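Before any comments, here is the structure.
Quantities reported herein were computed from a predicted structural model and do not represent experimental measurements. Lettering of chains follows the sequences in order, A, B, ..., and the numbering in each one begins at 1.
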2 protein chains.
Amino acid sequence: MERKLDRTDIGILNALQKDCRISNKKLGLMLNKTQSPIQQRIQQMKGQGLIKRFSAILDPKLVGRGLIGYVQVNVEKHTEESLTAFMEEAAKLEEIMECYHMTGAIDFLLRIAIKDMDEYSRVLVKKLGNLPGVRQFTSFFVLSEIKSETAFVLK
Amino acid sequence: MERKLDRTDIGILNALQKDCRISNKKLGLMLNKTQSPIQQRIQQMKGQGLIKRFSAILDPKLVGRGLIGYVQVNVEKHTEESLTAFMEEAAKLEEIMECYHMTGAIDFLLRIAIKDMDEYSRVLVKKLGNLPGVRQFTSFFVLSEIKSETAFVLK
DNA sequence: GTTGAAAACGGAGCCTA
DNA sequence: TAGGCTCCGTTTTCAAC
């Protein structure tokens, strides 16, 4: 089932990362193929999990989620039970866009997307504050976005 | 040109964030519309910049970018010139997926996606090390991903 | 690569606020 | 009467063989 990526696959992936609503036919024209092999390859790569999903990327500001915060979390105990409890609850909160278990001095790193600082205080008290086993939060906020990319440059 | 989002727009956006290769016709069926108004609304929201792009989300591990690191950066000077120089150069590096100017004790936060620790040492020395005006880097690496979401839950 | 089926596109006219 | 909708004919794309 595994297939090494050839030039055509890489061309497909680079194009789909930029605009995945492009038609298979246009992809074929770019890559000197007909639409059939393009279609097959996309389905295979989707099936393999190499392509996780096709997603519309929205402008956070224009949907009322313009404030991005990073929250460093340290937990009370590092038992499996305690860590698992935290992870399960964190994953449920829709304000938390990303949650990572980290190396080093921080236990978890959260990326939150919210409307504004007023909402942050609500979220901090009512939601983050109820996550189990937390010892300490340290928050940093994004002043301005310099680069935000989802596409890898494949070669 | 501005249009407030109604139920239909929100339905479209929620669906497109989950799978933007869905046909306009299916969207219409879900939302009790024909494909024409669906098509129009999507084009409008794209034109407004509310939809930034349609992107294939790949599995980082399967394209050789499975190691995620967060790098906190402090700069030497906070002059406009110095900050701008850093931002311009940082944005060019393809290992840097995200770069934010931050509030508080950190000046910039970088999210890097690379193959492994060997590559990190190369990137640190050859690329990050050449960014202008840096005083200090502090790096944290992701042990495991608990949640990674690009879609906002719109209501 | 070919072909039948499906979807997207674009315009005309209608309905509603 | 402007905006948004449906309807429908044409063109393009899909997907199976």
- Message: Can you identify which nucleotide, out of dT6(D), dT13(D), dA8(C), has its nearest atom closest to the K33(B) side chain?
- Response: dT6(D)

- Query: Between F54(B) (CZ) and dA8(C) (P), how many Å, whole number?
  - Reply: 12 Å

- Task: Report yes or no: do R53(A) and T150(B) form a side-chain donor-acceptor pair below 3.5 Å?
- Result: yes

- Query: Atom CD1 of I38(B) and atom P of dG10(C): how far apart are they, to the nearest Å?
  - Reply: 17 Å

- Does any N or O donor sit under 3.5 Å from an N or O acceptor when you compare the side chain of S36(A) with the base of dC14(D)? no

- State yes or no: do F152(A) and I12(A) share one hydrophobic cluster built from I, L, V, M, F, W and Y residues joined by side-chain heavy-atom distances below 4.5 Å, directly or via other members? yes

- Message: On DNA chain C, compare the nucleotides closest to Q35(B) and T34(A); which residue's is nearer the 5' end?
- Response: T34(A)

- Report the distance from atom CD of Q43(A) to atom C1' of dA15(D), rounded to the nearest whole Å. 8 Å

- Are OP1 or OP2 of dC5(D) and a side-chain N or O of R41(B) less than 4.0 angstrom apart? yes

- Query: Tell me: CD of Q40(B) to C1' of dA2(D), nearest whole Å?
  - Reply: 13 Å

- Ranking R21(B) and N32(B) by the position along DNA chain D of their nearest nucleotide, the one closer to 5' is N32(B)

- Quick one: L31(B) CG to dG4(D) C1', roughly how many Å, whole number? 15 Å

- Partner of D107(A) by side-chain hydrogen bond (donor to acceptor under 3.5 Å, both in side chains), out of H78(A), Q72(A), R135(A): H78(A)

- Figure out the CG/P separation between N24(B) and dC9(C), and round it to whole Å. 6 Å

- Is it true that F141(A) and Y120(A) have ring centroids separated by less than 6.0 Å? yes

- Query: So F108(B) and H101(B), would you call those rings parallel, tilted or perpendicular, with 30° and 60° as cut-offs?
  - Reply: parallel

- Can you tell me the distance, in whole Å, between the NZ atom of K25(B) and the P atom of dC8(D)? 14 Å

- Note on the structure: Here the distance between atom C1' of dT12(D) and atom CD1 of I22(A), to the nearest Å, is 14 Å

- Task: Establish, with yes or no, whether the OP1 or OP2 oxygen of dC14(D) is under 4.0 angstrom from a side-chain nitrogen or oxygen of Q39(A).
- Result: no

